[in-house]
Number of protein chains: 2
Amino acid sequence: MTHNTAPPDELTFWSFVDYAVQKAERELPSVNAEAMRMVLTLNRATSMVVYDLESSVHRPRGWTWPGFRVLFALWLAGPMEAKTTAEISGMSRAALSALLNTLERDGLLSRQRATHDRRALQLSLTEAGYGAILGVFRAHNRRESAWAEALEPEERRELVRLLNKLMAGSTDAQAKFRS
Amino acid sequence: MTHNTAPPDELTFWSFVDYAVQKAERELPSVNAEAMRMVLTLNRATSMVVYDLESSVHRPRGWTWPGFRVLFALWLAGPMEAKTTAEISGMSRAALSALLNTLERDGLLSRQRATHDRRALQLSLTEAGYGAILGVFRAHNRRESAWAEALEPEERRELVRLLNKLMAGSTDAQAKFRS
DNA sequence: TCAGATTCATCAAACGTTTGATCATTTGGG
DNA sequence: CCCAAATGATCAAACGTTTGATGAATCTGA
């Protein structure tokens, strides 16, 4: 950065994206500023939603969002192989393995060896897990609703469409996927 | 869940959102399905982007995305107080404190006590940090560009607009923020 | 002035995640 | 049939993050 420009007196969470994009564009003409802005904004929005849900719904109940995702998947789709659980809840098999230790210790789900393939693991909710998930989901969905109200119904649909298109494009982008 | 419906033969990462939303709507009439779909989709899209950037750009270089965010902020705005760094890179002061140990150990940045307030911490890039950040940012921005190409320019702007509107609405939503 | 409250940073414990290695089971080709 | 390759799960080490606690410096108001 050859031409140093003084940062604004007050550099905040809210002003940083504009500042960063403009500064990067000025200092590095080769930068793709719009891509930078898109990824930056996407991450900030998600991180805000995640932080709110995690800290207002899950942590106070002694849960975490990843744990909730696993329990929720099992609640919706019924007992299933751990491999499937990992895939649909968007985590690696190794991450799930570690997470299961916590969930099993807390008595929320149980592991069973699969009958048709003795390598495979079958997961199912315990009575306690089954009894807890509905209440937590309701609280989770209430906060989701509060966030959703920021947009008009049509805008919500458009946001979902754009995010899906973004994900679909990952193939062309040769993006790396979780194993 | 009174009326159990068999899950589809193949429940995959891609089919799960539709399955979950429809099932939840059927089993729990009180659910806000559109809010659920929005948050679910937002998280999946972001998690794909994060995983790709992290695993194809940062990890192979011995970096992490959070570490990159800190170094990038320092590179753009110059030396600053740790409090500011934490805020603009979207992490708590405690998380930054832990992260600084790694970055300092790797010789990428240095901590100095502030002169005007002996409690405060001043951060600045080392020569090594300064020398490394540009190359990593270029690689990072190249992957951002690949993702951005999934959308038309107009769609990218609309996505950013909607995400910003979502964030702005967090005030009304009484969302919890990082301290 | 000075004692209480506030602010800044760090620490400790617990957690989820990643990469790379290991072990057990199953599959497939000769 | 048998052995090599592939598959499923776990482990170990390192990392970033959260919450709650602790210690140091600064500020404030009586």
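So you know, we letter chains A, B, ... as the sequences are listed, proteins then strands, and number each from 1. Remember, predicted model here, so these are calculated numbers, not experimental data.
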Partner residues of A/Arg59 under the salt bridge (charged side-chain N to carboxylate O under 4.0 Å, His left out) criterion, sequence neighbours left out: A/Glu54
May I ask you to decide if the ring planes of A/Phe72 and A/Trp75 are parallel, tilted or perpendicular, using 30° and 60° as cut-offs? tilted
Quick one: ring pair (Phe, Tyr, Trp, His ring centres under 6.0 Å) partners of B/Phe13, sequence neighbours excluded? none
Pairs flagged by side-chain hydrogen bond (donor to acceptor under 3.5 Å, both in side chains) wherever residues 143-153 of chain A is involved - sequence neighbours left out: A/Asp52-A/Arg143, A/Asp52-A/Trp147, A/His140-A/Glu144, A/Asn141-A/Glu144, A/Ser145-B/Asn32
Could you go through nucleotides 3-6 of chain D and list every protein N or O atom that sits under 3.5 Å from one of its N or O atoms, giving the distance for each pair?
none

Excluding sequence neighbours, so at least two apart, what forms salt bridge (charged side-chain N to carboxylate O under 4.0 Å, His left out) with B/Arg119? B/Asp117
Residues in salt bridge (charged side-chain N to carboxylate O under 4.0 Å, His left out) contact with A/Lys165, at least two apart in sequence or another chain: B/Glu155
Distance check needed: D/dG8 P versus A/Gln122 CD, whole Å only. 14 Å
Between P on D/dT10 and NZ on A/Lys83, what's the gap in Å once rounded to a whole number? 14 Å
Could you write nucleotides 10-17 of chain C as a row of B, S and -, 5' to 3', where a protein heavy atom under 4.0 Å of any base atom gives B, of only sugar-phosphate atoms gives S, and otherwise -? BB---SSB
Presence of A/Arg118 side-chain N/O under 4.0 Å of C/dA24 phosphate oxygens OP1/OP2: no
Here the distance between atom P of D/dT19 and atom NE2 of A/His58, to the nearest Å, is 13 Å
Any pair with a residue in residues 42-51 of chain A that passes side-chain hydrogen bond (donor to acceptor under 3.5 Å, both in side chains), sequence neighbours left out, goes on the list, sorted by first then second residue, please. A/Thr46-B/Thr46
Salt bridge (charged side-chain N to carboxylate O under 4.0 Å, His left out) involving B/Asp18 - partner list, sequence neighbours excluded: B/Arg37
